Protein chains: 2
Amino acid sequence: MARPKQALLTRERIVAAAGTLVDAEGLEALSVRRLAAELGVQGPSLYNHFPTKADIVDAVADAVVEQVDLSVFGEKPWPEALRSWAQDYHGVLTEHPNIVPVLAQGPGRRPAGLAMAEAVFGALVDAGWPPARATHIGALMRYLVTGSALGSFALGFDIDPDLYDRYPHLHNAPRLAAHHQAVDEGAFNLGLDLLINGLLAQFEGTRR
Amino acid sequence: MARPKQALLTRERIVAAAGTLVDAEGLEALSVRRLAAELGVQGPSLYNHFPTKADIVDAVADAVVEQVDLSVFGEKPWPEALRSWAQDYHGVLTEHPNIVPVLAQGPGRRPAGLAMAEAVFGALVDAGWPPARATHIGALMRYLVTGSALGSFALGFDIDPDLYDRYPHLHNAPRLAAHHQAVDEGAFNLGLDLLINGLLAQFEGTRR
DNA sequence: AAGTAAAACTTACGCCGCTAGTTTAATCAT
DNA sequence: ATGATTAAACTAGCGGCGTAAGTTTTACTT
């Protein structure tokens with residue numbers, strides 16, 4: 001086949017197929033040949049639409065970030081906005097955990113990533129936080145959200161019970177797997193509460 | 001060469017060389033052939049000492065975790081111990097950032113990882129925290145430490161100034177790179193303060 | 001109508017993790 | 001002491017990887 005009458009590929013179709021593949025089978029399963037096969041095409045054809053595989057992965061990551069709702073930042077005071085955004089971000093990443101390692105590297109040049117940083121940082125600065133402090137808060141939020149999404153804490157322990165003979169306090173670790181959602185959510189929400197309440201106290205302390 | 005009089009390889013030598021390579025050039029640079037070359041040997045020879053490459057990577061990760069000081073947990077009250085441990089853990093990861101993606105997946109079956117979990121969880125439970133809450137706190141600490149070590153926040157932004165024309169609040173983002181250590185440290189310490197102070201308040205609240 | 005650009009293709013290079021089978025030395029059992 | 005087994009290196013090779021190069025055909029531009 002040479003150039004077809006109707007193009008077989010578009011950037012959108014490629015990103016969608018790549019996202020589906022990553023969600024279903026993980027980042028390691030995303031190879032150029034495999035992705036091309038899903039699209040009914042030979043591997044190198046993808047290079048007519050993206051310069052490198054990394055650009056495809058980046059586009060997948062940004063498509064996920066695009067799903068995060070940023071509208072709260074114009075509508076609510078910073079503490080509620082921050083909480084609401086962090087929960088939504090966390091929820092989106094929970095649905096697409098396999099792409100999180102990419103997001104954890106920062107926004108780079110990705111438009112949705114930069115737009116999100118702009119919204120968060122802008123809201124904090126506009127609310128009266130000093131820019132340096134707002135940067136810290138933004139960083140901290142990324143640490144919590146990506147740290148929690150990067151790998152389930154509860155599923156991070158091997159489930160072989162014999163493994164824990166020498167770690168007496170951990171004897172229930174294999175049982176964590178059964179409740180991993182509740183454990184991970186509990187930890188994330190605890191962290192979010194502590195951070196936002198603490199920040200609020202600091203903020204009001206400097207105001208008065 | 002067949003079997004030499006003195007074995008060329010040991011697990012320790014392999015892990016040390018792999019760790020050096022990962023530290024110097026990143027996880028992607030660690031290939032079986034490359035590592036073998038560093039050790040003056042052919043690639044498949046490594047399989048006489050480790051069943052898979054993943055086991056080598058795991059051993060590198062555990063060697064890093066082994067460096068974290070756990071002695072504080074027997075010596076100080078839980079808030080100081082938690083802070084001191086988290087700072088030490090954070091410091092160790094700062095020196096070996098390339099292995100963090102592995103640690104972020106949890107301890108799995110790695111002995112030093114499990115010993116660390118045992119120490120943290122045990123100290124919290126022994127101090128009076130309910131086990132479920134202690135689990136949340138342990139998870140939260142991992143989120144913060146690995147989240148912050150996984151990728152510098154300050155270096156996560158592209159330094160091309162033109163990129164920020166459409167993100168007015170971020171116009172100073174390219175300057176973050178110059179102070180990335182201070183920014184990242186500031187965010188981590190802010191988070192640690194907020195979490196531990198908040199936990200302390202909760203703990204004393206339930207005691208009274 | 002001619003010229004150019006786009007989008008598919010095939011081929012190929014140098015990497016990758018790992019398996020299989022071979023050789024030789026060291027160690028263990030009788 | 002010797003014979004058998006195990007250990008630790010080797011070579012050869014499989015299937016997969018990202019991607020560069022060059023080819024063909026179609027579509028768009030002038």
Side-chain angles (χ1 to χ4, degrees), chain A residues 1-62 98-99 101-102 105 108-110, chain B residues 1-62 98-99 101-102 105 108-110:
Chain A
M1 190 193 320
R3 179 173 183 178
K5 308 203 171 192
Q6 172 69 21
L8 302 179
L9 300 176
T10 62
R11 285 179 69 98
E12 290 69 31
R13 248 170 60 71
I14 294 171
V15 172
T20 302
L21 185 51
V22 168
D23 283 344
E25 305 188 30
L27 260 184
E28 320 77 37
L30 180 67
S31 79
V32 173
R33 285 169 176 83
R34 171 71 190 279
L35 174 57
E38 303 277 348
L39 290 160
V41 117
Q42 297 297 319
S45 298
L46 299 180
Y47 289 93
N48 288 313
H49 302 268
F50 286 93
T52 69
K53 180 191 171 183
D55 290 287
I56 299 177
V57 173
D58 256 26
V60 171
D62 218 36
N98 297 333
I99 200 67
V102 179
Q105 300 298 317
R109 309 179 59 88
R110 292 182 286 98
Chain B
M1 192 194 320
R3 179 173 184 180
K5 308 202 170 195
Q6 174 67 22
L8 302 178
L9 301 176
T10 62
R11 286 179 67 98
E12 290 69 31
R13 246 171 61 71
I14 294 171
V15 172
T20 302
L21 184 51
V22 168
D23 283 344
E25 305 187 30
L27 259 184
E28 321 77 38
L30 179 68
S31 78
V32 172
R33 285 170 175 84
R34 171 72 191 278
L35 174 57
E38 303 278 347
L39 291 160
V41 117
Q42 298 298 318
S45 298
L46 299 180
Y47 289 92
N48 287 313
H49 301 269
F50 286 92
T52 70
K53 180 192 171 182
D55 290 286
I56 299 176
V57 173
D58 257 27
V60 171
D62 219 35
N98 297 332
I99 199 66
V102 179
Q105 300 298 316
R109 309 180 57 86
R110 292 182 286 99

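Chain A is the first sequence line, chain B the second, and so forth, proteins listed ahead of strands; every chain is numbered from 1. If you're wondering where the values come from, they're calculated on a predicted model, not measured in any experiment.
In this structure, the side chains of B:Ile14 and B:Ile56 come closer than 4.5 Å at one or more pairs of heavy atoms. Residues B:Val102 and B:Val60 form no side-chain contact, since every pair of their non-hydrogen atoms from C-beta on lies 4.5 Å or further apart. In this structure, the side chains of A:Leu35 and A:Val32 stay at 4.5 Å or more apart for every pair of heavy atoms. Side-chain atoms of B:Leu9 and B:Asn48, non-hydrogen and from C-beta on, never get closer than 4.5 Å to each other.
In this entry the distance linking CG of B:Leu39 with P of D:dA9 reads 10 Å, nearest Å. Between the P atom of C:dC15 and the CZ atom of B:Arg34 lies a distance of 12 Å, rounded to the nearest Å. When the P atom of C:dG17 is taken as reference, atom CZ of B:Phe50 falls 15 Å away, rounded to whole Å. Remark: P of C:dA6 and CD1 of A:Ile14 are 15 Å apart, rounded to the nearest angstrom. Taking atom CG of residue A:Leu8 and atom C1' of nucleotide C:dA6, one finds them 12 Å apart after rounding to whole Å. In this entry the distance linking CD1 of B:Ile56 with P of C:dG17 reads 9 Å, nearest Å. Taking atom CZ of residue A:Arg13 and atom P of nucleotide C:dA8, one finds them 9 Å apart after rounding to whole Å. Between B:Tyr47 atom OH and D:dT6 atom C1' the separation is 21 Å, expressed in whole Å.
Nearest-nucleotide positions on DNA chain C place B:Ser31 closer to the 5' end than the other of B:Ser31 and B:Pro4. Nearest-nucleotide positions on DNA chain D place B:Gln6 closer to the 5' end than the other of B:Arg33 and B:Gln6.
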Review point. Passes side-chain hydrogen bond (donor to acceptor under 3.5 Å, both in side chains), A:Thr20 versus A:Asp23? Steps please.
Key: CA-CA 5 Å; A:Thr20 302; A:Asp23 283 344; over 6 Å; no
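Between A:Ser45 and C:dC9 there is a side-chain polar atom (N or O) within less than 4.0 angstrom of OP1 or OP2. For A:His49 and C:dA8, the shortest distance from a side-chain N or O to OP1 or OP2 is below 4.0 Å.
Among the nucleotides C:dA20, C:dC9, C:dG17, the one closest to any side-chain atom of B:Val32 is C:dG17. When each of D:dA9, C:dG17, D:dA12 is scored by its nearest atom to the side-chain atoms of B:Leu9, the top-ranked nucleotide is D:dA9.
B:Leu30 comes within 4.0 angstrom of the backbone, heavy atoms only, and of no base.
Side-chain atoms of A:Asn48 come within donor-acceptor range of the base of C:dA8, with a qualifying N/O pair under 3.5 Å.
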